Amino acid sequence: MEFTSASANKYLRRLQDEKGFILGIEAERSTYVLGDKEVADPPAYSYEETRAKVAEIDRTTMVVRHAVHQFNMATVLSQCGLTIGEVLIALA
């Protein structure tokens, strides 16, 4: 995959939103209350599937962030002779 810096950040935000959505569903479905004389009808939920999805999102996030950091450290701006990472630090 090839990204621009902006598209990489947009993709990372989308991954975080997806992870938040999955964790929200997990919070809703992982436990339920059963009243007296009620028939058990648990919501559809799988701990293993949820953890696998979250782990995959975390792995993808790490790979994309690493690529962005590598790009920022290796790309030198010809106008000032600084890398993008150095410019970002100087701007802060």
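Not measured: the values here are computed from a predicted model.
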Handout entry: Salt bridge present between R59 and E56 (N-O < 4.0 angstrom)
Key = yes
Completion exercise
Interatomic distance, NZ@K53 vs CD1@I25, rounded to 0.5 Å, equals 7.5 Å
Practice task
Check the pair T60, I57 against side chain to side chain contact (heavy atoms under 4.5 Å, CB included), reporting the backbone distance first and the verdict last.
Solution key: CA-CA 5 Å; T60 303; I57 290 170; 5.8 Å; no
Problem - Smallest separation among heavy atoms of T83 and N72, with atom names - result: CB-O, 3.5 Å
Completion exercise
In this structure, CD of Q16 is separated from CG of D58 (nearest 0.5 Å) by 7.5 Å
Practice task
Among Ile, Leu, Val, Met, Phe, Trp and Tyr joined by side-chain contacts under 4.5 Å, find the other residues sharing a cluster with F71 and list them by chain and number.
Solution key: L77, L82, I84, V87, L88, L91
Handout entry: Interatomic distance, E86 atom CD to I89 atom CD1 [nearest 0.5 angstrom]
Key = 7.5 Å
Practice task
Could you tell me which non-hydrogen atom of A8 sits nearest to which non-hydrogen atom of V68, and how far apart they are?
Solution key: CB-CG2, 3.7 Å
Completion exercise
Between the CZ atom in R13 and the OG1 atom in T61, the distance rounded to the nearest 0.5 Å is 12.5 Å
Practice task
Decide, yes or no, whether a salt bridge links K19 with E26 under the criterion of side-chain N to carboxylate O below 4.0 Å.
Solution key: no
Completion exercise
When rounded to the nearest 0.5 Å, the distance separating CD1 of I22 from CZ of R51 is 9.5 Å
Problem - Nearest-0.5 Å distance that lies between atom CE in M62 and atom CG in L12 - result: 12.5 Å
